[in-house]
Undergrad: 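I have a structure here, written as structure tokens, and I will follow up with some questions on it.
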Amino acid sequence: MNTHESYVVPGTGMFWGYLQALPKDYDPNGSYPLVIFLHGTGECGNGTTELDRVAIHGYPMHASQGREYPFILISPQLPEGKYWGAYIESLNLFLDHLIATLPVDEKRIYLTGLSNGGTGTYLWGQANADRFAALLPVCGAGIAWGVREMLNIPVWGFHGDCDEAIHYTETVRMIEGINTMGGNAKLTIYPGAGHGCWIYVYDDPEVMAWMLEQKRN
């Protein structure tokens, strides 16, 4: 189940409203993986009364329907008309807050997102690869010259080959670029799938199992 939470980033004026879902039999003295989910453009909002938009797709949608996960799930909401890449510093401070207030296993922090959030996953991952154990960008677009920053982190990219919003070659270019330079990246292209290929990703137990196997050194 998702709960509505909020955090004001000190010194920035940035307010993050976010959905939080805790594991079954949650123990505040335990230690849990953390999954941060970045939504797409259509789910942007004011972080308060519009926060449930974030639960339209992906892991937060399943959590809102009662599915329980073995990790802490955090799903922040981006303001209308904005892009995740503009808030990297604020997102890092938000992550610091999560680590300070929740029993997070810092070796098992995972970042994923779809569409605008898939792009955000690349950008935040490129800027701070040392903070994450794995990246799962879904139908996003990355910056090819930044793949050097992701050579030491497992990445699994997903896209539909009939995507008319962000062409699937954006994901191919990023994943092939990482591997060409000696990184560790996986690629899944869904034949016949459009922009909403995330319906396959976030309901696939193999994807989740792979993600949770990754640990940061």
Side-chain angles (χ1 to χ4, degrees), residues 19 35-45 50 52-65 67 73 75-88 91 110-127 129 132 134-150 153-181 183-211 214:
L19 298 180
V35 174
I36 299 176
F37 173 87
L38 305 181
H39 63 73
T41 299
E43 294 80 69
C44 290
E50 299 171 334
D52 282 331
R53 291 181 183 177
V54 178
I56 292 176
H57 303 298
Y59 289 144
M61 179 188 73
H62 295 308
S64 72
Q65 296 170 345
R67 186 175 300 184
L73 175 63
S75 308
Q77 186 170 45
L78 190 66
E80 291 281 1
K82 302 297 182 181
Y83 294 88
W84 293 105
Y87 293 94
I88 300 301
L91 286 166
Y110 309 101
L111 179 62
T112 186
L114 58 87
S115 191
N116 185 358
T119 300
T121 298
Y122 283 124
L123 296 179
W124 193 3
Q126 288 173 336
F132 302 107
L135 307 176
L136 282 84
V138 182
C139 60
I143 299 175
W145 51 258
V147 299
R148 291 181 180 86
E149 307 304 324
M150 296 188 289
I153 180 172
V155 181
W156 192 351
F158 306 85
H159 223 119
D161 67 359
C162 293
D163 192 332
E164 296 183 355
I166 300 176
H167 201 269
Y168 79 95
T169 53
E170 290 287 340
T171 294
V172 172
R173 179 170 58 100
M174 292 299 294
I175 300 304
E176 290 185 349
I178 293 170
N179 289 332
T180 296
M181 298 192 69
N184 176 20
K186 293 161 59 76
L187 173 65
T188 295
I189 300 296
Y190 297 102
H195 195 52
C197 72
W198 53 74
I199 63 173
Y200 307 112
V201 179
Y202 295 111
D203 206 28
D204 188 337
E206 292 186 13
V207 172
M208 186 185 303
W210 176 88
M211 176 180 68
Q214 312 307 314

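Keep in mind that the numbers below use all heavy atoms, side chains included, and drop hydrogens, waters and symmetry copies.
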Undergrad: Taking the side chain from Tyr110 and the backbone from Met208, do they hold a donor-acceptor pair closer than 3.5 Å?
TA: no

Undergrad: Please round to the nearest 0.5 Å and tell me the distance separating atom CG of Leu78 and atom OH of Tyr87.
TA: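 Separation between the atoms: 6.0 Å.
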
Undergrad: Considering the options Leu91, Ile153, Leu135, which one meets the side-chain contact (heavy atoms from CB on, under 4.5 Å) requirement together with Leu111?
TA: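 It is Leu135; the other options fail the test.
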
Undergrad: Give, for atom SG of Cys162 and atom NE2 of His167, the distance between the pair rounded to the nearest 0.5 Å.
TA: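 These two atoms lie 9.0 Å from each other.
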
Undergrad: Can you sort out the partners of Glu50 under side chain to side chain donor-acceptor pair (under 3.5 Å), two or more places apart, ordered by chain and number?
TA: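 Partners of Glu50 under the side chain to side chain donor-acceptor pair (under 3.5 Å) test: Arg53.
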
Undergrad: Yes or no on side-chain contact (heavy atoms from CB on, under 4.5 Å) for His39 and Cys44, after CA distance, side-chain angles and deciding distance?
TA: CA-CA 8 Å; His39 63 73; Cys44 290; 3.8 Å; yes

Undergrad: Which heavy atom in Ile175 sits nearest to a heavy atom in Ala185, and how many Å separate them?
TA: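 Between these two residues, the closest heavy atoms are CG2-CB, 3.7 Å.
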
Undergrad: side-chain contact (heavy atoms from CB on, under 4.5 Å) with Ala165: which residues, sequence neighbours excluded?
TA: Asp163, His195

Undergrad: I need the single residue from Thr171, Ile166, Val172 that forms a side-chain contact (heavy atoms from CB on, under 4.5 Å) with Tyr168. Which is it?
TA: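 Result: among Thr171, Ile166, Val172, Val172 is the only option passing the side-chain contact (heavy atoms from CB on, under 4.5 Å) with Tyr168.
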
Undergrad: Could I get the full list of side chain to side chain donor-acceptor pair (under 3.5 Å) partners for Trp84, not counting sequence neighbours?
TA: none

Undergrad: For His57, enumerate each residue passing the side-chain contact (heavy atoms from CB on, under 4.5 Å) test, keeping only those at least two apart in sequence or located in another chain.
TA: Glu43, Leu114, Trp198

Undergrad: Run the ring-ring contact (aromatic ring centres under 6.0 Å, His included) test against His62 and tell me which residues pass, sequence neighbours left out.
TA: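 Here no residue qualifies.
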
Undergrad: Considering all heavy atoms of both residues, which atom of Leu38 and which atom of Pro76 are nearest to each other, and what is their separation?
TA: CD2-CG, 4.1 Å

Undergrad: Sort and list the pairs that fulfil salt bridge (charged side-chain N to carboxylate O under 4.0 Å, His left out) and have at least one residue in residues 140-150, not counting sequence neighbours.
TA: none

Undergrad: How close do Thr121 and Gly113 get, counting heavy atoms only, and between which atoms?
TA: OG1-N, 3.1 Å

Undergrad: Please list all pairs passing the salt bridge (charged side-chain N to carboxylate O under 4.0 Å, His left out) test where one or both residues lie in residues 188-204, with sequence neighbours left out.
TA: Arg67-Asp203

Undergrad: Distance from His159 atom NE2 to Thr169 atom OG1, nearest 0.5 Å?
TA: 8.0 Å

Undergrad: Can you list everything that forms a ring-ring contact (aromatic ring centres under 6.0 Å, His included) with Phe37? Sequence neighbours excluded, please.
TA: Tyr202

Undergrad: To check you understand the geometry: which heavy-atom pair defines the closest contact between Arg173 and Ala144, and what is its length?
TA: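 Of all heavy-atom pairs spanning Arg173 and Ala144, the closest is NH1-CB, 3.0 Å.
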
Undergrad: Is the side chain of Asn184 donor-acceptor paired with the backbone N or O of Pro154 at a distance under 3.5 Å, no angle test?
TA: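 No.
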
Undergrad: Where do Val35 and Thr112 come nearest, in terms of heavy atoms and distance?
TA: CG1-CG2, 4.1 Å

Undergrad: Does Glu164 have more than 12 heavy atoms from other residues, nucleotides or ligands lying within 6.0 Å of its CD?
TA: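 No, not enclosed.
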
Undergrad: Can you list the residues that meet the side-chain contact (heavy atoms from CB on, under 4.5 Å) rule with Ala193, with sequence neighbours excluded?
TA: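 For Ala193 the side-chain contact (heavy atoms from CB on, under 4.5 Å) partners, ignoring immediate neighbours, are Tyr190, Cys197, Tyr200.
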
Undergrad: For Glu206, is the CD atom crowded, meaning more than 12 foreign heavy atoms sit under 6.0 Å from it?
TA: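 Atom CD in Glu206 is not packed in, count stays at 12 or less.
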
Undergrad: Could you list the residues that satisfy side chain to side chain donor-acceptor pair (under 3.5 Å) with Tyr59, not counting sequence neighbours?
TA: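 By the side chain to side chain donor-acceptor pair (under 3.5 Å) rule, Tyr59 matches no residue at all.
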
Undergrad: Kindly write out the residues that satisfy salt bridge (Lys or Arg N to Asp or Glu O under 4.0 Å) with Asp161, not counting sequence neighbours, or none if the list is empty.
TA: none

Undergrad: Between Phe158 and Leu136, is a side-chain contact (heavy atoms from CB on, under 4.5 Å) present by the stated rule, with each step listed?
TA: CA-CA 8 Å; Phe158 306 85; Leu136 282 84; 4.1 Å; yes

Undergrad: Sequence neighbours excluded, which residues qualify as side-chain contact (heavy atoms from CB on, under 4.5 Å) partners of Leu123?
TA: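 Counting only residues at least two positions away or on another chain, Leu123 forms a side-chain contact (heavy atoms from CB on, under 4.5 Å) with Thr119, Gln126, Ile143.
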
Undergrad: CG/Leu187 to CH2/Trp156 distance, rounded to the nearest 0.5 angstrom?
TA: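 The CH2 atom of Trp156 is 10.5 Å from CG of Leu187, to the nearest 0.5 Å.
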
